[in-house]
Amino acid sequence: MNRSRKGLKASSFRCVTLLLLVAALFTITPGALQAYNLEDRVQRTTLENGLRVLLVERHTSPTVSLYIRHLVGAVDDGEGKTGAAHLLEHMLFKGTSTIGTKNFKEEERVLKKIRETGTALDRERMKGARADEAEVKRLAKELKELQSEAKEWVVENEIDRLYSENGAADLNASTGQDVTTYKVSLPANRIELWARIEADRMTNPVLREFYTERDVVIEERRQTYESVPSRKLMELFLATAFTASPYRRPIIGWPSDISFLAPDYLEAFFKQYHSPNNTVIAIVGDINTAKTLEMVKKYFGPIPSHELAAHHVTEEPAQSGEKRTELVAEANPYLAIGWHKPTLPSFEDYVFDVIEALLSKGRTSRLHRSIVQGKQIAEDVSAANGMPAARYPNLFMVTGTPRHPHTAEELEQAVYEEIDNLKKEPVKKQELEKIINQLRAEFIRDLSSNSGLASRLSYYEIITGDYRYMTRYIQMIEKVTPKDIMEAAKKYLVEENRTVAVLVKKEKP
Amino acid sequence: MKRTLALSLVILLISTGLCLADPAETPKPPSWPDPDRLSYEEIKFSPPKPERVVLENGLTVYFLEDRELPLVNISFIVGAGSVFEPPGKEGLAEMTGDVMRTGGAGKLSGDQIDEELESLAAPVSISLGMEYGTGSLSVLKKDLNPAFKIFADIIRHPAFDEAKLEQEKNLKIEELRRVFDKPQRLAFREYKRAIYAGNPRGRLPEIASIEKMDREDLAAFHKAHFFPRNLRVAVTGDLSKQEALELIGRHFDDWDEEGDFGTVPLPKPQENAPLYYYEKKVPQSTVIIGTIGPGKESPDFYPFTVLDYILGSGGFRSRIFQEIRSNRGLAYSAGSFYDGRQGYGSFGAYAMTKSESTGQVLTLMEGILKDAQDSRFPAQDLHLAKRSIVNSYIFSFTSSHMIAFQHMILEFQGLPTKFLTEYPAKIDAVSREDVMKVAEKYLDPKRRTIFVLGDQGKFDEPLKSFGEVKRVK
């Protein structure tokens, strides 16, 4: 769940992850930028329990941005349990055995009964048409009564209250395919509050109000998918492009899976994946590095870690034929195209970052110039590398909205023309230089935000195991040649490797 | 003595031994202190104050030096917005801003400007909103001169190239066609039309009004609203005050246009309005209950800000979120918003819920608003609201550009600078009676606008049980 004060967005759409990948391009160019050598400013420590801590001091304002990332996401949900990681993220705002309860001993008693009744109810509902209606009704009533009883012991939304009262900004969490993130910005003197809350919820979370929250997630699905056809199309697109890989499954979960997610499963999931050795913390802002590290050690140091179970993730077999699908809906046409490719840190992934910028970064980019401005057949068309996520081989995508009366078919052909140009003509030096210039400038801008820095540092550390992927990024990008671009396009951006999904407008009878 | 000593030694050794017994033993977790009783060092922070200079021609400049990075950030506020659009030309303000950016300026064509700015990696953006417009330039210090020249030309000499205008018109028309595909966006757009009915703010761009626009319209709108006295510029970053003033002077000193600031009637809350219903067959309804609230200059601004926080802006603990989402699982998005503007404020409570619980949610929302009027909310809600607002206030000052922009917009809205420094104390002083008074004054059920977008065939209760229904579609 991606939360913010005004307007709540579902975390499920992973463009944010992509933006992080693209936008987080840092450089250490010689000369003037040497002073901004980020690598020197990051203090990296690994605690005994495996928790990795990244600290950066920045004293512009007495505020601090704090990120916690766990290497767990929708890919780890399990068959028939899609949406588990995402629902767990929601549940982790319900508090712990010491936060959010008036008396945990009493509460625990009722929670146990709720779990028993809820489990029995789910079991009966699972029978579908053969379910005993009377039994379902009885159990539902019993559940409601128990929930009322449990409410007596609950102090609602205490974590949010504690943070808000102490001046939090950007209190947020998100679940991706790869990674789950808990973040907050606070006045700089509130770090102990953060440590107190976060270490506790990494140790003793209590899944209270489980069944109500499960309903909230179903409403979230309704809001962000069922009511928005273009989002439904993206969900369908990913489920088609990936036949075997877990990337085919929606982060928020399939509706029937969500409706049967169980507290026992989520608890086991939590224990398995929120281990300190599976976690990275980044703190950027007005801190004293030594004192902050002490605080982190004090609260997080004692958290026991355990060996992470090795588990195999189904590999996507090579695609050898175009896949096409469509969604008929009462909405204007929308087009999504994707090609399979290797993920970071392979060199080809860097090449695709450059291709993405070439095709759609800014008004002078190729897709914008030729299709939006030139042919004027699209309202919008953009490229995105690294969809939906980065732990496993992923996609290079192009999406677009045709401009009436032009069709999705016309747009599709126009896109392929630009893709073909990449294969035929080497990119000019000036064009490549422009892109590198833009990435360097973005690096500098990103240094002026505590949360931007904390986000990128923690993201690269958790995904690649080394935050310096980021500080060395521009050096890698500078190695990309026009020949590399042509070869990558010829190898991967081909018909047999491609999936196309089209939103088709429902014709009125 | 000796025996006691020996015994003490033994005890000492044993206890030491116990402590060191098992080095592999997991250390005990810290006793979890009460998070409400932690103590914090006081933060003493005085945000820097920008310098203010007014040129002879009336253009106002705010400046703050910031040498952290080799960057310069420049933004402006201009008194140009959709409220000034002539009837029949809805969308003109936005279009003018868009084509100022894309349609060429000075001696350069739109394409040349795109090339230049993107090679310099110096983004320029312009956006003319409802009551005012803003623009910005972000550039590396080394490229300041060429980038600023383009920026200044865009402000003073936009070309409004016909072909580029045509492009933007086509894109806007497509956008308007597609707004129907996004139910929440559509709901807020139609709600805006309803709440501002009879006021220029309620006139929205339509395909017809966009199609009718031509180059002369844009040029006239620009001429009418872009003049030195109507523009305020904030400059921050890696440069000195002298450098900043020299740069601005070089490009704006000889600008001696004059113009009309223009006045627009303020919106008024609707009296005994019908319930507006917009039919769209979607599984989830959007419900909005709104009204016109106090402006930023009003003493009611502070208690109303606190009220809004208690009702729905205050995250998970706010009344609407708690009742509709946390307690009953009826919504994912639910809350309220309040924007105190010049002379009036925009307030609304909202929730997105499935068709089958739309009636239930409407009832809950009305109940919560009534509770506020009857002062029926827990004392801790008031305490939490005040503490949260005051403690997070520091986040309005996290960058030098943010600070300069704050000062700039304050002046534009006719407010004194001390507004910024007095804000926390004024929020702190808000009492329960104050909140109840503004709730009574502004949340009168007879002076509200209720808007529902959804599929009434599937609602749990007929809409007419909430009032006279006016179907807008």
Side-chain angles (χ1 to χ4, degrees), chain A residues 5-8 32 60-63 98-99 156-157 160-162 164-169 171 185 187-190 192-193 196-197 200 203 212-213 215-216 219-220 222-223 226-230 298-299 302 304 331-332 362-364 373 376 379 401 403-404 434 437-438 441 444-445 447-448, chain B residues 26-30 32-33 35-36 38 40-41 43 45 68-71 102 114-115 118-119 121 138 140 167 170-171 174-175 177-178 181-184 282-284 313-317 322 325-333 335 337 352-354 384 387-388 391-392 394-395 397-399:
Chain A
R5 290 228 182 286
K6 306 230 179 271
L8 296 149
T60 320
S61 81
T63 59
T98 58
I99 296 176
E156 298 247 31
N157 295 317
D160 188 281
R161 194 274 299 172
L162 281 165
S164 300
E165 193 168 322
N166 285 279
L171 175 59
S185 289
N189 62 354
R190 270 15 189 229
E192 183 164 13
L193 175 72
R196 166 67 182 85
I197 293 172
D200 196 4
T203 319
T212 328
E213 198 60 26
D215 282 341
V216 169
E219 277 305 317
E220 184 183 350
R222 233 174 239 130
Q223 180 179 324
E226 316 298 354
S227 311
V228 186
S230 58
K298 175 178 168 192
Y299 280 91
N332 290 287
R363 291 180 59 81
T364 60
Q373 294 184 55
Q376 297 199 42
E379 183 209 12
T401 49
R403 190 182 71 80
H404 182 82
K434 173 185 70 170
N437 227 21
Q438 289 175 332
I444 295 178
R445 290 195 179 96
L447 292 177
S448 65
Chain B
T26 320
K28 286 191 174 37
W32 301 103
D36 279 311
L38 296 169
Y40 309 109
E41 268 176 47
I43 291 184
F45 178 64
E68 188 196 5
L69 298 164
L71 271 181
T102 63
D114 290 343
E115 276 299 340
E118 282 177 14
S119 298
S138 174
L140 292 172
Q167 260 183 44
N170 287 336
L171 292 177
E174 187 63 30
E175 184 196 302
R177 294 185 72 251
R178 284 176 178 269
D181 302 344
K182 299 184 171 116
Q184 292 107 40
V282 279
Q284 193 185 64
S313 289
F316 283 22
R317 284 290 273 256
Q322 190 102 309
R325 175 170 154 165
S326 301
N327 287 357
R328 295 173 179 81
L330 294 174
Y332 171 64
S333 284
F337 55 87
M352 281 68 152
T353 190
K354 62 191 184 299
L384 170 62
R387 295 280 88 235
S388 305
N391 283 333
S392 64
I394 199 157
F395 285 99
F397 306 96
T398 52
S399 82

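Side chains are part of it too, since the values below use all heavy atoms of this structure and drop only hydrogens, waters and symmetry mates. Chain A is the first sequence line, chain B the second, and so forth, proteins listed ahead of strands; every chain is numbered from 1.
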> Please classify the contact between Glu175(B) and chain A as side chain, backbone, both or neither, with a heavy-atom cut-off of under 4.5 Å.
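Backbone plus side chain of Glu175(B), per the 4.5 Å heavy-atom cut-off to chain A.
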> What pair of heavy atoms forms the shortest contact from Glu226(A) to Pro283(B), and how long is it?
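Closest approach of Glu226(A) to Pro283(B): CB-CG, 3.9 Å.
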> Looking at every heavy atom in both Leu69(B) and Ser448(A), which two are closest together, and how far apart are they?
CD1-CB, 3.5 Å
> Between atom OG1 of Thr63(A) and atom CZ of Phe45(B), what is the distance when rounded to the nearest 0.5 Å?
8.0 Å
> Quick one: closest heavy-atom pair of Ala441(A) and Ala121(B), and the distance?
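Taking Ala441(A) first and Ala121(B) second, the nearest heavy atoms are CB-CB, 3.6 Å.
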> Could Asp215(A) and Lys354(B) be called an ion pair, given the rule that one side-chain N must be under 4.0 Å from one carboxylate O?
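Looking at Lys354(B) together with Asp215(A), the answer is no, because their closest N to O distance does not fall below 4.0 Å.
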> Most heavy-atom pairs under 4.5 angstrom with chain A, which of Met352(B), Gln322(B), Lys182(B)?
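If we count pairs closer than 4.5 Å to chain A, Gln322(B) comes out on top.
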> Is it true that a side-chain atom of Asp114(B) and a backbone atom of Thr364(A) form a donor plus acceptor pair closer than 3.5 Å?
no
> Report yes or no: does Arg196(A) contribute a side-chain atom to a donor-acceptor pair with the main-chain N or O of Pro33(B) at less than 3.5 Å?
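It does hold such a pair.
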> Mind ranking Ile394(B), Val282(B), Leu384(B) by heavy-atom pairs under 4.5 Å with chain A and telling me who comes out on top?
Leu384(B)
> Pairing donors with acceptors under 3.5 angstrom, does anything connect the side chains of Ser164(A) and Arg317(B)?
no
> Can you tell me which portion of Phe397(B) sits under 4.5 Å from chain A's heavy atoms? Options are side chain, backbone, both or neither.
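Only the backbone of Phe397(B) comes within 4.5 Å of chain A.
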> At a 4.5 Å cut-off on heavy atoms, which part of Leu38(B) comes close to chain A: side chain, backbone, both, or neither?
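Contact with chain A: side chain only.
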> What part of Leu193(A) gets within 4.5 angstrom of chain B, counting heavy atoms only: side chain, backbone, both, or neither?
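Looking at Leu193(A), backbone and side chain both touch chain B.
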> Any idea which heavy atoms bring Gln184(B) and Ser227(A) closest together, and the distance?
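Looks like NE2-CB, 4.3 Å.
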> Under 4.5 Å heavy-atom distance to chain B, tell me which part of Glu192(A) shows up: side chain, backbone, both or neither.
both
> Quick one: of Pro229(A), Pro187(A), Ala188(A), who has the most non-hydrogen atom pairs under 4.5 Å with chain B?
Pro187(A)
> Indicate the atoms forming the closest heavy-atom contact of Asn157(A) with Phe316(B), along with that distance.
ND2-O, 3.2 Å
> What part of Thr98(A) gets within 4.5 angstrom of chain B, counting heavy atoms only: side chain, backbone, both, or neither?
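It is the side chain, since no backbone atom gets that close.
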> Quick one: pull up CG in Asp36(B) and CZ in Arg161(A) and give me the separation to the nearest 0.5 Å.
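Rounded to the nearest 0.5 Å, the CG-CZ separation comes to 4.0 Å.
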> Go through the side-chain N and O atoms of Glu174(B) and Thr401(A) and say whether any donor and acceptor fall under 3.5 Å apart.
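Side-chain D/A pair, Glu174(B) to Thr401(A): absent.
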> Evaluate side chain to side chain contact (heavy atoms under 4.5 Å, CB included) for Glu156(A) paired with Asn327(B), printing each intermediate quantity in order.
CA-CA 9 Å; Glu156(A) 298 247 31; Asn327(B) 287 357; 2.4 Å; yes
> Whether the side chain of Gln167(B) engages the backbone of Gln373(A) through a donor-acceptor N/O pair (distance < 3.5 Å, no angle test) should be reported.
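Side chain of Gln167(B) to backbone of Gln373(A): a pair is present.
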> Distance check, rounded to the nearest 0.5 Å: Glu219(A) atom CD versus Leu330(B) atom CG?
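With rounding to 0.5 Å, CD (Glu219(A)) is 7.0 Å from CG (Leu330(B)).
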> For chain A, which of Thr398(B), Thr102(B), Asn170(B), Leu140(B) has the most heavy-atom pairs under 4.5 Å?
Asn170(B)
> Look at Arg387(B), Glu41(B), Gln284(B) and state which one has the largest set of heavy-atom pairs under 4.5 Å with chain A.
Gln284(B)
> Chain A: which of Ser326(B), Gly335(B), Ser399(B) shares the most heavy-atom pairs with it under 4.5 Å?
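It is Ser326(B).
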> Please answer whether the main-chain N or O of Arg177(B) pairs with a side-chain N or O of Asn332(A) as donor and acceptor at a distance below 3.5 Å.
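Answer holds: yes.
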> Give, as side chain, backbone, both or neither, the part of Leu71(B) having an atom under 4.5 angstrom from any heavy atom of chain A.
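Answer is side chain: those atoms of Leu71(B) sit under 4.5 Å from chain A.
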> Verify, without hydrogens or angle tests, whether Gln438(A) (side chain) and Glu118(B) (backbone) share a donor-acceptor contact under 3.5 angstrom.
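Such a contact is found between Gln438(A) side chain and Glu118(B) backbone.
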> Please assess Trp32(B) against Thr203(A) for the test side chain to side chain contact (heavy atoms under 4.5 Å, CB included), listing each intermediate value before the final yes or no.
CA-CA 11 Å; Trp32(B) 301 103; Thr203(A) 319; 4.2 Å; yes
